[in-house]
Amino acid sequence: MCGIAAIVSNQNVNQELYEALMVLQHRGQDAAGIATCEGSRLHLRKDNGLARDVFSSKQMLKLKGNMGIAHVRYPTAGCTSSAEAQPFYVNSPFGLALAHNGNLTNAEELKVQVFVDDQRHINTDSDSEVLLNVFAHELQQAGRLTLTVDDVFEAVSGVHRRCRGAYAVVIMIAGYGILGFRDPNGIRPIVFGERNNEDGSTDYMMASESVALDVLDFKLLRDIAPGEAVFIEANGTFHTRQCAEKINHSPCIFEYVYFARPDSIIDDISVYKARMRMGHKLAEKILRDWPDHDIDVVIPIPDTSRTAALQIAQDLGVKFREGFMKNRYIGRTFIMPGQKMRRKSVKQKLNAIALEFSGKNVLLVDDSVVRGTTSEQIIQMAREAGAKHVYFASAAPPVRYPNVYGIDMPAAHELIAHGRSEAEVCEAIGADRLIYQDLDDLIDAVGKGNRAIAQFDTSCFSREYVTGDIGDDYLARIEALRNDHAQERRNNRSVTAASQ
């Protein structure tokens with residue numbers, strides 16, 4: 001999962017792109033980057049680390065220009081090499097910089113095509129670099145010294161014909177403008193908006209989530225539709241076109257469960273209200289399946305589950321309490337590479353308030369249960385704080401399968417629910433009772449916000465991959481890349497290389 005942003009303005013955009021990354025930081029903590037365009041000259045700064053650490057005042061002053069793109073990276077194969085920080089750049093044609101959120105499912109096939117047929121060089125293992133070179137080749141087919149808007153949209157159509165998987169993309173074309181587009185399934189989110197200036201000019205912005213537009217006083221216009229492309233010329237002229245022959249709108253439902261900020265609106269669905277409805281559905285399930293429950297208090301596991309937990313408490317008519325204090329200077333354990341680091345960080349990250357647990361039957365609420373490591377440790381913390389019984393509710397159904405569209409969920413055998421019944425998961429994490437959200441209820445909770453969406457990508461729960469190209473061989477290959485042992489080997493190589 002990554003965060004992307006782009007701005008075309010009548011003034012320097014470096015500061016606002018930085019502020020957009022700060023708002024989107026939850027989407028990736030591994031690396032950050034900004035590319036700007038001053039006339040026809042590109043300026044680029046990117047490195048591993050949080051946005052606040054990657055950009056100094058001196059570096060920001062060098063990022064001149066009235067248009068630019070930005071990226072925060074979360075590696076989908078666990079790689080921590082700074083070489084894969086984005087934006088990526090190629091000099092031909094025209095000079096192109098790309099920021100990408102998602103994952104190409106046919107990246108290996110495309111790498112061969114790009115090298116053999118397109119005669120272009122790929123320098124990293126990133127599918128984003130592959131995507132950039134595919135677009136560059138398609139754009140070059142126009143064979144013009146001067147670029148036209150039609151050339152840009154034809155190149156996007158070429159990308160759709162060749163690329164499979166999930167991609168929300170912003171591309172800056174030096175001297176010409178900024179392009180944004182979305183895969184024909186609309187799996188990953190991207191929105192755009194405008195801001196009217198006192199001099200009568202209009203600034204435009206694109207970003208992964210609407211909250212990035214909000215903080216910079218841009219008016220949200222709408223989402224980029226599946227298969228659609230938006231091109232904003234450097235002078236502010238706005239163009240849009242549907243570039244895919246066939247679309248099948250299937251946004252990732254896990255955005256609403258976990259990744260997106262609650263104050264964002266994605267595909268016309270309020271993330272906050274979707275999470276409220278998830279809590280309502282869970283409360284209905286508890287009252288239906290466990291009408292004589294003895295829950296004394298509902299406690300969220302900070303922060304994503306708070307909205308759902310509050311709704312559960314209200315519907316059950318029991319107390320809602322904050323039982324855990326979060327150290328906000330520790331990274332999110334879900335996106336930390338390596339099991340040892342995840343285990344160590346839980347105690348650093350959360351501390352229980354004993355008086356909220358002592359002698360009580362506690363219902364802990366989390367957004368999901370992935371590996372189960374964090375859940376197991378938090379349940380143990382609740383018991384050590386004096387809880388009489390510890391029940392556990394997940395706002396999501398059992399996560400049993402990998403996500404192949406840009407979320408680095410681990411190898412299947414590392415998912416605690418893979419091959420286990422709900423009762424077995426309950427025993428494994430040490431809960432007295434486990435309540436999972438039903439998949440149909442989750443779909444209804446999210447989909448109620450926009451009934452025009454006929455389906456969602458629910459592959460990590462259902463193993464139904466919306467692109468229709470995911471088989472056992474592909475899953476075996478990504479398992480080899482994503483399991484903890486493979487990630488530790490890559491991290492060790494990166495440390496060794498950095499020390500030489």
*Classify the side-chain pair His249/Asp267 by whether it contains a donor and acceptor separated by less than 3.5 Å.*
yes
*So, does His71 use its side chain to make a donor-acceptor pair with the main chain of Ala85 at under 3.5 Å?*
no
*Say whether, by atom type as modelled, one donor and one acceptor occur between the side chain of Arg195 and the main chain of Leu216 under 3.5 angstrom.*
yes
_With sequence neighbours excluded, residues passing side chain to side chain donor-acceptor pair (under 3.5 Å) with Lys281_ = Asp444
*Counting distance only, does the side-chain N/O of Lys285 pair as donor-acceptor with the main-chain N or O of Tyr436 below 3.5 Å?*
yes
*Please list, chain by chain and in numerical order, all residues satisfying ring-ring contact (aromatic ring centres under 6.0 Å, His included) with Tyr204, sequence neighbours excluded.*
Phe238
*Please assess Asp472 against Arg463 for the test salt bridge (Lys or Arg N to Asp or Glu O under 4.0 Å), listing each intermediate value before the final yes or no.*
CA-CA 11 Å; Asp472 291 339; Arg463 205 180 186 272; 2.6 Å; yes
_Under 4.0 Å between a side-chain nitrogen and a carboxylate oxygen: does that hold for Arg477 and Glu108?_
no
*asked:* Keeping Asn185 on the side-chain end and Ser250 on the backbone end, is there a donor-acceptor pair under 3.5 Å?
replied: no
*Heavy-atom distance under 4.5 Å between the side chains of His413 and Glu479, does that happen here?*
yes
*Keeping the roles fixed (side chain from Gln314, backbone from Gly317), state whether a donor-acceptor pair exists under 3.5 Å.*
no
*Please confirm whether the backbone N or O of Ile4 pairs with a side-chain atom of Asn101, one donor and one acceptor, at under 3.5 Å?*
no
*Run the ring-centre check on Phe254 versus Phe456 and record whether the distance is less than 6.0 Å.*
no
*Is the shortest heavy-atom distance from the side chain of Leu24 to the side chain of Glu209 under 4.5 Å?*
yes
*Separation between CD1 of Ile187 and OG1 of Thr105, rounded to the nearest 0.5 Å*: 8.0 Å
*Go through Val54 and Gln59 one step at a time and tell me if the side chain to side chain contact (heavy atoms under 4.5 Å, CB included) criterion holds.*
CA-CA 9 Å; Val54 170; Gln59 291 155 351; 5.7 Å; no
*Quick one: does Ser368's side chain have a donor or acceptor within less than 3.5 Å of a partner on Ala396's backbone?*
no
*Side chains of Ile407 and Tyr258: does their closest heavy-atom pair fall under 4.5 Å?*
no
*Are Lys46 and Phe88 in a cation-pi setup, meaning NZ or CZ lies under 6.0 angstrom from the ring centre and within 45 degrees of the ring axis?*
yes
*Residues Arg433, Asp289: salt bridge by 4.0 Å N-O rule*: no
_Checking side-chain polar atoms at under 3.5 Å, does Ser126 have a donor or acceptor matched by the opposite partner on Glu129?_
no
*Determine whether the side chains of Ser9 and Glu16 contain a donor N or O and an acceptor N or O closer than 3.5 Å.*
no
*Set of side chain to side chain donor-acceptor pair (under 3.5 Å) partners for Asn12, sequence neighbours left out*: none
*asked:* Quick one, Thr458 and Leu439 - any side-chain contact, counting heavy atoms below 4.5 Å?
replied: yes
*Would you indicate whether Glu424, at its atom CD, is surrounded by more than 12 heavy atoms from other residues, nucleotides or ligands within a distance under 6.0 Å?*
yes
*Enter the distance from Gln437:CD to Asp367:CG here, rounded to the nearest 0.5 Å.*
12.0 Å
_What I'd like to find out is whether the side chain of Gln377 reaches to under 4.5 Å of the side chain of Leu350, using heavy atoms alone._
no
*asked:* Could you tell me if the side chain of Arg27 sits less than 4.5 Å from the side chain of Arg261, heavy atoms only?
replied: no
*asked:* Test your reading of the model: is there a side-chain donor-acceptor pair from Glu255 to the backbone of Cys252, 3.5 Å cut-off?
replied: no
_So does Thr467 get a backbone contact from the side chain of Arg164, meaning a donor-acceptor N/O pair under 3.5 Å?_
no
*Examine the side chains of Gln15 and Glu19 and answer whether a donor and an acceptor come within less than 3.5 Å of each other.*
yes
N/O donor-acceptor pairs under 3.5 Å from side chains in residues 381-392, not counting sequence neighbours:
{"residue": "Arg383", "atom": "NH1", "partner": "Asp432", "partner atom": "OD2", "Å": "3.2"}
{"residue": "Arg383", "atom": "NH2", "partner": "Gly430", "partner atom": "O", "Å": "2.7"}
{"residue": "Arg383", "atom": "NH2", "partner": "Asp432", "partner atom": "OD1", "Å": "3.3"}
{"residue": "Arg383", "atom": "NH2", "partner": "Asp432", "partner atom": "OD2", "Å": "3.2"}
{"residue": "Glu384", "atom": "OE2", "partner": "Gln380", "partner atom": "NE2", "Å": "3.4"}
{"residue": "His389", "atom": "ND1", "partner": "Asn361", "partner atom": "OD1", "Å": "2.8"}
{"residue": "Tyr391", "atom": "OH", "partner": "Asp294", "partner atom": "OD1", "Å": "2.7"}
{"residue": "Tyr391", "atom": "OH", "partner": "Asp294", "partner atom": "OD2", "Å": "3.3"}

*Would you list the pairs meeting salt bridge (charged side-chain N to carboxylate O under 4.0 Å, His left out) in which at least one residue belongs to residues 302-319, sequence neighbours left out?*
Asp303-Arg306, Asp303-Lys326, Asp303-Arg328, Arg306-Glu322
*Taking the side chain from Glu84 and the backbone from Asp125, do they hold a donor-acceptor pair closer than 3.5 Å?*
yes
*Should the ring pair Phe259 and Tyr74 be called parallel, tilted or perpendicular, given that the plane angle runs from 0 to 90° and is split at 30 and 60?*
tilted
_Could you work out, with side-chain contact (heavy atoms from CB on, under 4.5 Å) as the rule, every residue matching Cys163, not counting sequence neighbours?_
Leu104, Leu110, Leu131, Val134, Val159, Tyr167
